[in-house]
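Only one structure is covered here, and it is reproduced in the block below.
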Amino acid sequence: MVVVYPGSFDPITNGHLDIIERCSKKFDKVVVSILYNPSKKTMFTVEERKEMIKEAVKKFTNVEVDTFSGLLVDYSKAKGISTVIRGLRAVTDFEYEMQMALMNRKLDDELETVFLMSSNQYTFLSSSVVKEVAIFNGDISKLVPKVVNQAIYKKLKGGL
Ligand code: COA
């Protein structure tokens, strides 16, 4: 079975990677897809995010990195994928995720969303938290892949 794991990934964190790794063991193929979202102010361009994810997942042979714009249901249909993966970190994620999953199913009743519980050590993690810690010179090396750690500090030195 092929699944899609969509998101903003600005930037990818070890929490996302944990979900990707676990999916790569359970499914034949995982497509990690980055949303082009002009309304969200991001630290990294979609191309930069794509390159970082590619580097971070290169050890998994069944993980592909892609981008999409518009509706997830349209993208999934065009790719022939009918299963979406989302991670649930805490109860606070639940309402938003449920709304999104139900809306997606309303738009396409073939599309199922499968939720994976985040591993314990990542329940507090988000891309914003990582960026905030980095801005104030905190150590993010245990929270993100090496490629992201380097890219954030490079970006911050160059000014946002
Ligand atoms: N570990 C760590 N952090 C995680 C995580 C995990 N397992 N899962 C989510 N997060 C964090 C992200 O880092 C992000 O943090 P931030 O808010 O600090 O940046 C936050 O949770 C949510 O991000 P993400 O999982 O990337 O979701 P999103 O809300 O940015 O994107 C899409 C959701 C892209 C799947 C959704 O908006 C979409 O499909 N859009 C297309 C339009 C569409 O079809 N709309 C109809 C559906 S309602």
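Note that ligands are numbered from 1 as they come in the structure, with each ligand's atoms numbered from 1 the same way.
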Closest non-hydrogen atom pair between Asp93 and Gly87, with its separation
OD2-O, 4.2 Å
Would you indicate which of Ile34, Leu72, Val4 comes nearest to atom 39 (O) of ligand 1 when only heavy atoms are counted?
Leu72
With no hydrogens and no angle check, just 3.5 Å: does a side-chain donor-acceptor pair link Ser141 and Asp139?
yes
Using a 4.0 Å cutoff against the non-hydrogen atoms of Ser127, which atoms of ligand 1 qualify?
12 (C), 13 (O), 15 (O), 18 (O), 19 (O)
Taking atom 1 (N) of ligand 1 as the point of reference, which of Ser69, Gly7, Gly87, Gly15 owns the nearest heavy atom?
Gly15
Identify the protein heavy atom lying closest to atom 20 (C) of ligand 1, giving its residue, its atom name and the separation to 0.1 Å.
Arg89 NH2, 4.0 Å
Report the part of Asn37 in contact with ligand 1, treating N, CA, C, O as backbone and CB onward as side chain, heavy atoms under 4.0 Å; options are side chain, backbone, both, neither.
neither
Can you list the ligand 1 atoms lying under 4.0 Å from a non-hydrogen atom of Ser8?
26 (O), 28 (P), 30 (O), 31 (O)
Contacting atoms of ligand 1, where contact means under 4.0 angstrom from a heavy atom of Tyr96
28 (P), 29 (O), 33 (C)
At a non-hydrogen distance cut-off of under 4.0 Å, which region of Arg86 contacts ligand 1 (side chain, backbone, both, or neither)?
side chain
To check your reading of the model: name the closest protein heavy atom to atom 40 (N) of ligand 1, its residue, and the distance in Å.
Leu35 CD2, 3.6 Å
Give yes or no for whether the N/O distance cutoff of 3.5 Å, strictly under, is met between Pro6 and ligand 1.
no
Identify the heavy atoms of Ser76 and Val4 that sit nearest to each other, and give their distance.
OG-CG1, 4.0 Å
Nitrogen or oxygen atoms of Tyr122 and ligand 1 under 3.5 Å apart:
no
What closest approach, in Å, do Met43 and Asp10 show between heavy atoms, and which atom pair accounts for it?
N-OD2, 2.8 Å
Protein heavy-atom partner closest to atom 17 (O) of ligand 1 - residue, atom, separation in Å:
Ser128 OG, 3.9 Å
Exercise: do Thr67 and Lys50 side chains pair donor with acceptor under 3.5 Å:
no
Close approach of Leu125 to ligand 1, heavy atoms, under 4.0 angstrom
yes
NZ/NE/NH1/NH2 to OD/OE distance under 4.0 Å, Glu64 and Lys79:
yes
Once you round to the nearest 0.5 Å, how far does OG of Ser24 lie from CG of Leu17?
10.5 Å
Nearest non-hydrogen protein atom to atom 48 (S) of ligand 1, with distance, is Met100 CG, 3.4 Å
Give the intermediate values and the outcome of side chain to side chain contact (heavy atoms under 4.5 Å, CB included) for residues Met100 and Arg86.
CA-CA 10 Å; Met100 211 156 56; Arg86 295 289 291 168; 3.4 Å; yes
Is ligand 1 less than 4.0 angstrom away from at least one heavy atom of Gln99?
no
Considering only the protein, which heavy-atom contact is closest to atom 42 (C) of ligand 1, and what is its distance?
Gly70 O, 3.4 Å
Give a yes or no on whether a salt bridge exists between Arg105 and Glu110, defined as a side-chain N under 4.0 angstrom from a carboxylate O.
no
Heavy atoms only: which of Leu71, Leu17, Asp93 lies closest to atom 43 (C) of ligand 1?
Leu71
Per-residue contact class, Thr13 against ligand 1 - non-hydrogen pairs under 4.0 Å
side chain
